Structure formats: C-alpha cells, structure tokens
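Since the structure is predicted, the reported quantities are computational estimates derived from the model, not experimental observations. Start at 1 and go down the list; that is how both ligands and their atoms are numbered.
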Amino acid sequence: MNKKIFSGVQPTGNLHLGNYLGAIKNFVKLSNDKENECIFCVVDLHAITTKQDPKELRNNIRETVATFIACGINPEKSIIFNQSSVPAHSEAAWLLSCSARMGWLNRMTQFKEKAGKNKEKASIGLFSYPVLMAADILLYDSTHVPVGEDQKQHLELCRDIAQKFNNDYGIDEFLKIPEPLIQKEFSRIMSLKDGTRKMSKSELSDSSRINLTDDKDSIVNKIKKAKTDTLPLPSTIDQLIERPEAKNLLGIYSSITDTTLDKSVDEFKGKNFSEFKENLSQVLVEKIDPITKEIKRLIYDKGFLDEILFDGHKKANKIASEKVKKMHKLMGF
Ligand code: TYM
C-alpha cells in the first residue's frame, strides 16, 4: 500500500535543529521513497494562535518553504502549500470541533504549557489548535504523519476525533485513522542551555538553539557555550541517566551522523567535553552550513517560492475541497 504522508511546520521564524532532526530530516527521507505520496504544509493558521506581525509572517511562510527545499524536499515530487490558501482546513476544523470533546482538549499538555497560569486569557484558537491539526491530517486521508515527540498527544487526539466522527455519522472508515511516525531515538532535541527542556523557537535565549539560518561561527560558539556537566563522557548508555546535557549532545551527534547513540557513546567514552564539542561542531557545520546557505539564496527568489506555494495550493485545494464536500453530504448540509 502506498503511504500517504502529511505533516506541517509553523512559519514562526527560527526553524531550528529540533525541527530538522525531529521532523524535517524524516520528511526528506520519506519523500525520497517513490512509493510515498507526500504533502508538507506551512501551517500559517496555527501560527496566529500567538501574535504575529503580518509582514514578518509573510516572510516566514516563504522562509519555511525555502527551508523545506534547502533540506532536500523536491517540490516536483511532494506537494508544498500553505494552510490558509486552502479554505477546507478552517471549515473541516469547525465540523470536527463538533465531534471533539472539551475533556479531550483539556488534557493537552502543550496548551497547558503555552497558556501557563494565564489560561483565562489564552485565545480560543490556542485551545482548539489540535482540532485544526486533525483537520489538516484527515482531509487528505493521510496514513502516516511524521512528527517530533512533542506532537504525539495531538496525533492521539486526531485519531480519537476521527473515530468519534466516523461513529457519529455511522461510516466506519470515512475518515482514515492515521499512524504517527515518531523516530525511536532523537525525536526530542533539548535546549543547549538546559537538557531537561525542549529546544524551542519560543525560548528567549537564542543560544539555547541552533537555528537553521545560523552561520558557521554561531554554530561553533553555541556548541562551545552549551551546558555540560563536570564528568568525562560515559562509557555506557546507562551512565547517561541523570546527565541530560551529555545525553542530548551525544544524541544530536548521533542523529546528524546517522549513527546510533550506542556507537557515539563508544566513540567518545572517557573523553572530555571540549574534545567532543569540537567533533560535534564540525559535523554540525558540515550538515547545517549548506542548508543555511541554500535558505539564504532561495529566500531572495520570492517568485520561485510563491510559484511553489501556488502550485501546491491548486493540488491540495482539489483534494481537500472534495473531502469537505463529502463531509457536508454526510452531515446533511
Ligand atoms: P512545530 O511547528 O512546532 O514543529 C514542527 C515539527 O518539528 C518538531 N519539533 C521537534 N522535534 C524534536 N525536538 C524538538 N525540540 C522539536 N521542536 C519541534 C515537531 O514535533 C513538529 O513535527 N502542531 C504542529 C504543526 C502541525 C502539524 C499538522 C504537524 C500543524 N498541523 C499536521 C503534523 C500534521 C507544530 O506546531 O509543529
């Protein structure tokens, strides 16, 4: 069976190493397999759940497309489009929100983290965000959804919503139940400043993350300053327990070099952090610098990026509007 792959990335600027290793690297691998049909969405409607400057948002949408292409996604083989250009997403989100339950959404940890203590002042969009995400996925009969570990709960919710909708309208497989594709290792890249917190674009300190637009010197400096502990590197994986920074940096090294954590631990056992960090910087620069250069080149070619989005819009709109029409019919409209 051909896999129908769907995933999305928010165009909120500062796409970083976590986005790359946790998600985009896997998009590239999946999209290189001829058996797969891939759709990658720039989820601009999700971005506005937090305040955005319209001009910056427009640039960030293009930068996200440039990043997909610079990382290796071929727009001739995969559909790349932005969510707001396909009205079916907003519409299906409403239709599905009538099957989704408050109790399910109330359990979403990402909402709790993002809303913080100020839950009453959080936007309704931030709360119902996972329903829009379910609409994204379900409109395309997606079979597999590659994401980082932080999106696991949202995907479980998507499956629950699909099942409930199918039950509500009495058709078993009308909405396909998608499988999450979360890598076993390195699906959660942590901050360079605190190995217990996720690397994130919303973190205030820029040195907590490696941005995909960082130049060589910034990468080297950020790795040099990355938090470590005082012990030498361990000789077994078990010894990484309670050493979150060492585990994260070794994980990044393994993921970038496509090796296992086991092998990386073996390569650096007993060495001190300064020697390991030199190796880590080198492999990071080798991998990220060409991507950075390509993003910076593509970003000036607005016409090219807009053409890709327009082409993707036409293809995605056709699939999604047909599915919404079928939903309407089923629902009695
Ligand atoms: P977003 O834009 O926050 O992140 C995009 C992708 O990057 C992954 N990611 C990470 N992976 C590992 N370590 C990290 N530190 C890290 N930070 C981010 C995320 O898991 C994600 O895969 N809700 C989604 C976007 C979305 C979506 C969808 C995804 C909207 N609709 C439909 C899949 C299918 C989000 O905010 O991702």
Side-chain angles (χ1 to χ4, degrees), residues 4-28 30 38-50 52 57 60-61 63-64 67-68 71 79 81-84 86 89-90 92-93 96 108-111 113-114 125-126 128-140 142-159 161-162 178-203 208-212 244 247-248 251-252 255-256 316 320:
K4 288 190 176 177
I5 310 282
F6 185 98
S7 200
V9 174
Q10 288 194 58
T12 36
N14 287 340
L15 287 188
H16 52 72
L17 194 64
N19 297 124
Y20 178 66
L21 296 179
I24 302 173
K25 186 169 167 242
N26 209 13
F27 298 176
V28 176
L30 290 161
C38 296
I39 306 184
F40 301 113
C41 183
V42 181
V43 292
D44 49 6
L45 294 172
H46 277 107
I48 60 161
T49 53
T50 54
Q52 300 293 327
L57 181 61
N60 286 337
I61 292 169
E63 191 172 301
T64 308
T67 305
F68 283 166
C71 289
I79 298 179
F81 75 107
N82 63 320
Q83 196 182 25
S84 65
V86 177
H89 288 248
S90 313
L96 294 173
M108 295 297 112
T109 49
Q110 189 160 307
F111 173 73
E113 278 165 23
K114 287 200 173 168
L126 191 66
S128 63
Y129 167 120
V131 183
L132 177 60
M133 182 163 160
D136 300 342
I137 297 165
L138 299 172
L139 278 172
Y140 298 90
S142 315
T143 60
H144 294 82
V145 184
V147 282
E149 210 264 335
D150 62 332
Q151 297 299 320
K152 189 172 172 213
Q153 200 184 26
H154 290 160
L155 278 179
E156 281 160 7
L157 180 79
C158 169
R159 290 165 59 93
I161 294 175
E179 292 294 329
L181 284 181
I182 300 174
Q183 303 168 88
K184 275 197 201 84
E185 285 185 304
F186 328 126
S187 57
R188 194 175 181 87
I189 303 298
M190 310 308 274
S191 156
L192 300 178
K193 291 281 160 203
D194 178 352
T196 63
R197 288 167 65 92
K198 191 182 76 170
M199 184 178 285
S200 156
K201 45 194 153 193
S202 51
E203 181 76 45
S208 69
R209 63 182 162 260
I210 302 227
N211 302 306
L212 295 180
K247 185 169 178 211
N248 186 40
I252 292 175
S255 182
I256 281 282

Polar atom proximity, [X] to ligand 1 (N or O, under 3.5 Å):
X	result
N19	yes
F186	no
G22	no
Q151	yes
Q10	yes
Q110	no
H154	no
A23	no

Next on the checklist: Between ligand 1 and H16, can you find any atom pair, the residue atom being a heavy atom, that is separated by under 4.0 Å?
Outcome noted: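 It does, in that a heavy atom of H16 comes within the 4.0 Å cut-off of ligand 1.
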Checklist entry - Has Q83 got any heavy atom lying under 4.0 angstrom from an atom of ligand 1? => result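 Checking ligand 1 against Q83, which is what was asked, there is no heavy-atom contact under 4.0 Å.
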Checklist entry - Without hydrogens or angle criteria, can the side chains of Q153 and T109 be said to hold a donor-acceptor pair below 3.5 Å? => result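 A pair is found: one side chain offers a donor N or O, the other an acceptor, under 3.5 Å apart.
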[X] (side chain) donor-acceptor with [Y] (main chain) under 3.5 angstrom:
X	Y	answer
N248	M190	yes
S84	D44	no
T64	N60	yes
R159	P178	yes

Checklist entry - Could you state the interatomic distance from CG (L15) to OG1 (T67), rounded to the nearest 0.5 Å? => result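 It comes to 5.0 Å.
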What part of [X], side chain from CB on, backbone N/CA/C/O, both or neither, has a heavy atom under 4.0 Å from ligand 1?
X	value
M190	neither
I189	both
L21	neither
S187	backbone
V145	side chain

Any idea which atoms of ligand 1 are less than 4.0 Å away from a heavy-atom of [X]?
X	value
S7	29 (C), 33 (C), 34 (C)
Y129	23 (N), 24 (C), 35 (C), 36 (O)
I137	32 (C), 34 (C)
F6	32 (C), 34 (C)
K201	2 (O)

Item to check | Y140/H89 aromatic ring centres below 6.0 Å | outcome: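 Yes, ring centres under 6.0 Å apart.
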Item to check | For R209 against E203, the heavy-atom pair lying closest together | outcome: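 Minimum heavy-atom separation between R209 and E203: NH1-O, 2.9 Å.
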Checklist entry - Is the F6 ring parallel, tilted or perpendicular to the F81 ring (thresholds 30°, 60°)? => result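 Judged by the thresholds at 30° and 60°, the geometry between F6 and F81 is perpendicular.
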Checklist entry - So does K25 have more than 12 non-hydrogen atoms from other groups sitting under 6.0 Å from NZ? => result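 Counting neighbours around NZ of K25, more than 12 heavy atoms of other residues, nucleotides or ligands fall under 6.0 Å, so yes.
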Item to check | Nearest-option assignment for atom 19 (C) of ligand 1, heavy atoms, candidates V147, D150, N26 | outcome: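 Looking at heavy atoms only, D150 sits closest to atom 19 (C) of ligand 1.
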